[in-house]
Engineer: 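Input: one structure, supplied below.
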There are 2 protein chains.
Amino acid sequence: MAKRTPSAQELHRRAVATYVKAGGEESVQRVITAVQGLTKKLDQWYARQLVDLEVTAGEWAVVTSLAKAGEALTPSQLAELTNVAPSSMTHRLDKLAERGLVERTPDAENRTRIYVSLTDAGWQLFSVAIRGSDVVESDVLQDLSDAERGELARLLEVVIARLDDIDA
Amino acid sequence: MAKRTPSAQELHRRAVATYVKAGGEESVQRVITAVQGLTKKLDQWYARQLVDLEVTAGEWAVVTSLAKAGEALTPSQLAELTNVAPSSMTHRLDKLAERGLVERTPDAENRTRIYVSLTDAGWQLFSVAIRGSDVVESDVLQDLSDAERGELARLLEVVIARLDDIDA
DNA sequence: TGCTAATATTTCGATATCGAATACTTCGCA
DNA sequence: TGCGAAGTATTCGATATCGAAATATTAGCA
C-alpha cells in the first residue's frame, strides 16, 4: 500500500513553505498556490463528470468558451482561450462538428476567416453539464457565509481586472 | 484583422452571466470563474517562461510537485498530482531522468514501487524558475493591500480545507 | 502454505497535440 | 493598381497522452 496521499490542505501548506523558502513572498504564494490547488481539484471533478457525457476536457473547453463568449469565435480565438495550438483546434473542431455540437460558417467579408458557433445540441450539452457542476461548486464554497463569498469574489475580481495590463 | 479578443475582465463578466443564466448561483460562479480565469492566465505566463528553460508544462508540473511535496513520490502519486494518466508518467520520467533532473530509486521494502526524487540539477531548475515567476505573481496582486491579500488567502484556505471532504 | 485479489509500473496501439511548413486572402502603401 | 507583408486556417511529420492489457509483486485469508 502506498503512503497515503496527503490532504489538499497539507499539500497547500507544504507548497507555500517551499515557495517561500525558494524566495517567494508569503502573501503572494498563499494566494497563488490556493488558486491553483482549487483549480486542479475542480478540473479533476469536471473530468469525471465529462466522461459520462463522452466529451473530453479539451472539447468541453471549446463548448464553454463559445457559451461564455456569447458570440461566434474563430478557431484562433478558441485556441488562445483554451491554451492550445491553433493547429490542434482544427482537429478538435472536426470532431465536435462531426458530433453536431458546433458549426463552422465562413465569414462572407473575409474569406480567410471562419466562425465557429454552438448548435442547439451544443447548447443543450452545455446546460446539462453546468447543472451538474454547479452542485460540486456550491459544495466547495459551503463553509463561506454569503458575506465572505461576496468579499472573496470582489477581491478576485480586482485581480482579474489587473491581468490585461500585465501581459501587454 | 480579427475582432479584438475581449479583456479578461470582460470575459469574466460574460462568463458569470452565462453561468447564472444556465442555472448557476451567482455568488458561486463569480468565485469559481475568477479562480479559473486567473489560473489560465498564470498558465500562459508560465508556459512562456518555461520555453526559455526548455521544459514542457508537464515536466514542470512534475518538478514542482516533487519540490512542494518535500519528499520522494511514486509515479502514481505524480500522475495524480499532475492530472495525467499513470502510463503517461513513465515517458515523462524517462525524459526527465535522461536530462538528469529526477532520479528513480526502487523501494527496497516493496519491489513494485519506485520512488522519484529531484536531483541537485532538478532543484536548481526549480529555484531559477520560481525566482522568475514570483515577479509576475506579485504583479498580479499589485492592486491589493497587505490586509486584502491576507483576507483573500484566508478565504481561499477555508475553501481548500473543504476539498478533501468532498471527493471522498 | 497456497490461492485470489489488489497494487504499481510499464508496454502497446490508437489518438491528440505540437511546431513548422503550406495555401490562400487581405492589408498597407508606394 | 500592384506587390510585399501580415493574418488565418489547415496539412504534415514527430512526439505526447490515453486507456487497456501485460507483468510483477505484495496482501489477505481460508
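Every chain is numbered from 1 and lettered A, B, ... according to where its sequence line falls, protein lines coming before strand lines. Bear in mind that the values here come from a model prediction, so they are computed numbers and not experimental data.
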Engineer: With the side chain of B:Ala85 defined as its heavy atoms from C-beta on, choose the nearest nucleotide among D:dG19, C:dA16, C:dT10.
Structural biologist: D:dG19
Engineer: Does any donor atom in the side chain of B:Glu137 or A:Gln29 lie under 3.5 Å from an acceptor atom in the other side chain?
Structural biologist: yes
Engineer: Between B:Ser76 and A:Met89, which residue's closest nucleotide on DNA chain C lies nearer the 5′ terminus?
Structural biologist: B:Ser76
Engineer: Does B:Asp120 have more than 12 heavy atoms from other residues, nucleotides or ligands lying within 6.0 Å of its CG?
Structural biologist: no
Engineer: What is the distance, rounded to the nearest whole Å, between atom CZ of A:Arg92 and atom P of D:dT10?
Structural biologist: 14 Å
Engineer: Take atom CG of A:Asp94 and atom P of D:dC12, then tell me their distance rounded to the nearest Å.
Structural biologist: 13 Å
Engineer: Rounding to an integer number of Å, can you tell me how far B:Asn110 CG sits from D:dT26 P?
Structural biologist: 6 Å
Engineer: Whole angstrom is fine here: how far is it from NZ in A:Lys95 over to P in C:dT15?
Structural biologist: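 The distance from NZ of A:Lys95 to P of C:dT15 comes to 8 Å, rounded to the nearest Å.
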Engineer: Please check the phosphate of D:dT25 (OP1 and OP2 only) for any side-chain N or O of B:Thr112 closer than 4.0 Å.
Structural biologist: no
Engineer: I'd like to know if B:Arg30 and A:Glu157 make a salt bridge, using a cut-off of under 4.0 Å between side-chain N and carboxylate O.
Structural biologist: yes
Engineer: Grab the NE2-P distance between A:His91 and D:dT17 for me, whole Å please.
Structural biologist: 17 Å
Engineer: Measure from CZ on A:Arg113 to C1' on C:dA23 and round the result to the nearest Å.
Structural biologist: 18 Å
Engineer: So, A:Arg113 side chain and A:Thr74 main chain: donor-acceptor pair closer than 3.5 Å or not?
Structural biologist: no
